[in-house]
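Working notes, structure below.
Every number for a ligand or one of its atoms is a count from 1 in the order of the listing.
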Amino acid sequence: MVSSETTCTLIGGSLIVLLIAGYFGQHLLPAPKPKIIGLDLGTTYSCVGIYHAISGLVEIIPTQRNRSCLPSIISFLPNGSTLLGYDAFDHMETNPNYTIYDAKRFIGKQFSLESVEKLQKDYPFELVRTDQGYVEFIISENGTRITPEQVGSLLLKYLKQLVEQHLKIAKIKLCVLSVPAEFDDLQRQFTRRAAELIDLKVERIISEPTAAALAYGFHKKENVRYVLVIDIGGGTTDVSLLSVQNGMFSTQAMAGNNRLGGQDFNQNLFNYILTLVEDSNKKTDSLFLQHLRIEVEKCKIDLSTANQCLIDSKWIITREKFEEINQDLFRKIREPLDRIFAYINSDISGDDDDTNSRLTVNNIDEIVLVGGSTRMLKIRELIADYFQKKPNVNIDPDVAVTHGVSIQAGILGGVWPLNVSATEVRTAVEKIHIEI
Ligand SMILES: *[C@@H]1O[C@H](CO)[C@@H](O)[C@H](O)[C@H]1NC(C)=O
Ligand SMILES: *[C@@H]1O[C@H](CO)[C@@H](O)[C@H](O)[C@H]1NC(C)=O
Ligand SMILES: *[C@@H]1O[C@H](CO)[C@@H](O)[C@H](O)[C@H]1NC(C)=O
Ligand SMILES: *[C@@H]1O[C@H](CO)[C@@H](O)[C@H](O)[C@H]1NC(C)=O
Ligand SMILES: *[C@@H]1O[C@H](CO)[C@@H](O)[C@H](O)[C@H]1NC(C)=O
């Protein structure tokens with residue numbers, strides 16, 4: 001078994017080799033500018049990266065407010081102007097009916113009238129079902145509509161222009177896109193259309209878990225056979241089991257919980273603070289509650305590095321308390337993991353002969369964490385306990401997928417030192433949905 005320490009050294013070692021090679025390389029000839037960009041069009045955030053030849057480094061292009069990613073939000077103002085990202089986020093309160101988010105949930109997906117009516121309750125903007133069952137959004141008083149792929153294209157255009165400015169290139173023409181592993185052909189086709197609408201040719205589409213595995217270089221490590229990718233975002237948890245052989249990835253199993261994410265941990269802490277607020281007889285209004293929600297989010301983030309945090313400059317929350325308040329949620333993180341192993345071993349009978357072919361936690365060579373919520377120390381701890389092995393956390397979990405699509409872009413560009421092969425074979429695996 002390869003220990004995590006060895007893995008780190010290997011990654012560190014190859015990075016140093018790349019850096020040294022890059023140093024000499026750069027002094028001999030200028031590195032060609034990247035021609036293909038890596039795009040992660042996410043439900044809540046979208047990001048872009050490039051792979052630099054010779055240095056072998058991935059660069060995530062900073063977006064608004066010097067952040068790595070752009071909120072996937074667009075606000076259509078009454079005067080006809082359009083705002084994106086953080087600028088659009090600022091208008092969610094004042095222009096709720098025409099500020100569109102979550103467009104990715106609707107891309108290339110057909111819905112029944114009943115399910116659109118049900119989904120409408122979650123959104124302040126108006127959903128319209130087309131004759132074919134696709135959903136469009138109303139973006140002005142006169143009833144103008146926009147499709148989810150058009151929303152996607154506006155976000156991609158913004159990110160593409162950031163790269164063009166950054167590299168001082170007139171026009172980027174090629175990209176690699178990531179999509180959720182569970183996306184079917186139609187969803188992939190409509191996501192591709194989002195890029196094509198702005199004249200970007202899609203060189204390849206890869207699934208998000210595969211991208212995350214590529215980010216850690218598991219396409220070129222001989223002793224890595226099984227990679228488990230755990231993605232915990234704001235509202236969802238997804239686990240994918242990948243197998244890798246000769247740079248070829250395939251998904252073996254997927255399990256997810258659409259009602260388990262970072263926001264649920266916030267809500268529990270928020271509810272707890274409310275009991276303290278009531279005890280202190282403090283007057284609460286919506287402004288104060290809004291302030292508390294922001295404080296709660298900050299506090300949770302602080303607890304990933306500190307032993308305690310402070311809410312509204314008076315309530316101290318220890319990490320222990322936070323973990324106690326959220327113990328049920330932490331327990332639920334194990335469920336999709338259990339289900340993955342149950343699924344993968346389901347066609348194996350109980351015969352003694354077969355016990356050797358059962359896949360167990362010991363067969364998992366590498367664990368990759370994706371999504372901001374995986375910064376919670378308790379989550380890292382319980383994953384390490386579950387697998388008796390530390391998960392990989394060297395790459396910022398918010399941009400691990402972007403990092404991976406950028407590497408795929410580099411591989412397709414065939415630029416040294418990435419003349420290795422990496423491909424993804426699509427399998428017919430069905431995702432296991434866990435309901436609460
Ligand atoms: C932007 O962020 C980077 C890295 O986080 C930092 O080094 C840089 O100083 C920041 N730039 C500005 C203008 O804040
Ligand atoms: C529309 O309104 C926004 C915000 O009020 C403003 O920043 C923008 O300049 C206006 N655009 C036009 C075309 O008037
Ligand atoms: C509808 O409203 C939008 C923005 O308010 C405007 O840009 C567009 O021209 C209008 N369309 C029609 C048909 O009036
Ligand atoms: C938004 O739409 C709802 C229902 O369609 C309507 O009741 C409300 O007045 C609208 N709000 C604004 C700010 O236009
Ligand atoms: C990559 O390039 C090196 C040096 O040119 C060569 O030795 C190696 O075989 C190549 N690898 C692949 C997978 O093509």
Side-chain angles (χ1 to χ4, degrees), residues 11-12 15 18-19 22-23 26 34 37-40 42 44-52 55-101 124-126 137-146 150-151 153-155 157-168 212 215-216 233-234 262 294 297-298 300-306 369-376 392-407:
I11 291 174
L15 193 62
L18 291 181
L19 287 173
Y23 177 82
Q26 267 159 0
I37 57 176
L39 289 163
D40 171 12
T44 44
Y45 287 96
S46 297
C47 344
V48 63
I50 46 179
Y51 178 83
H52 287 287
S55 72
L57 296 176
V58 167
E59 186 179 11
I60 306 294
I61 311 300
T63 69
Q64 286 169 1
R65 305 188 191 176
N66 202 24
R67 304 287 188 88
S68 316
C69 300
L70 186 75
S72 304
I73 308 174
I74 306 189
S75 192
F76 299 90
L77 301 181
N79 68 6
S81 57
T82 304
L83 299 174
L84 278 91
Y86 288 101
D87 298 338
F89 177 81
D90 291 344
H91 282 75
M92 286 181 98
E93 297 276 330
T94 54
N95 188 32
N97 290 5
Y98 308 122
T99 300
I100 313 297
Y101 56 91
F125 47 85
E126 198 177 329
F137 315 110
I138 300 280
I139 55 164
S140 84
E141 268 176 30
N142 63 24
T144 322
R145 299 182 194 177
I146 195 167
Q150 282 171 326
V151 171
S153 76
L154 291 174
L155 294 165
K157 184 175 172 194
Y158 186 94
L159 295 172
K160 172 178 105 97
Q161 285 171 344
L162 282 180
V163 182
E164 288 165 349
Q165 284 158 16
H166 183 79
L167 291 177
K168 301 185 175 67
Y216 281 98
I294 294 168
E297 166 75 7
K298 264 197 223 148
K300 180 185 73 179
I301 291 169
D302 286 349
L303 287 178
S304 292
T305 48
L369 301 188
V370 179
S373 302
T374 60
R375 288 202 185 86
M376 276 185 264
N392 289 280
V393 294
N394 291 3
I395 298 174
D396 176 355
D398 286 324
V399 292
V401 169
T402 315
H403 204 104
V405 279
S406 306
I407 288 180

- Is atom 14 (O) of ligand 1 less than 4.0 angstrom from some protein heavy atom? yes

- Of the protein's non-hydrogen atoms, which lies at the shortest distance from atom 4 (C) of ligand 2, and what is that distance? L77 CD1, 3.8 Å

- Message: Within ligand 2, which atoms have a heavy atom of N79 less than 4.0 Å away?
- Response: 1 (C), 2 (O), 3 (C), 8 (C), 10 (C), 11 (N), 12 (C), 14 (O)

- Message: Please list, in number order, the atoms of ligand 2 under 4.0 Å from a heavy atom of S81.
- Response: 1 (C), 10 (C), 11 (N)

- Identify the residue among V393, L303, D398, I301 that makes a side-chain contact (heavy atoms from CB on, under 4.5 Å) with R375. D398

- Message: Could you check, using the six-membered ring where one of them is a Trp, whether F125 and Y101 have ring centers closer than 6.0 angstrom?
- Response: yes

- Return the residue, atom name and 0.1 Å-rounded distance of the protein heavy atom closest to atom 6 (C) of ligand 1. N66 ND2, 4.2 Å

- Query: Looking at atom 9 (O) of ligand 2, is any protein heavy atom nearer than 4.0 Å to it?
  - Reply: no

- Main-chain N/O of C47 paired to D40 side chain as donor or acceptor, under 3.5 Å: no

- Kindly compute the distance separating CZ (F137) from CD1 (I74), expressed to the nearest 0.5 Å. 10.0 Å

- Message: Let me confirm one number: the CG-NZ distance from L162 to K157, rounded to the nearest 0.5 Å.
- Response: 12.5 Å

- Item | Straight-line distance of I395 CD1 to T402 OG1, nearest 0.5 Å | 10.5 Å

- Task: Please check atom 2 (O) of ligand 1 for a protein heavy-atom neighbour under 4.0 Å.
- Result: yes

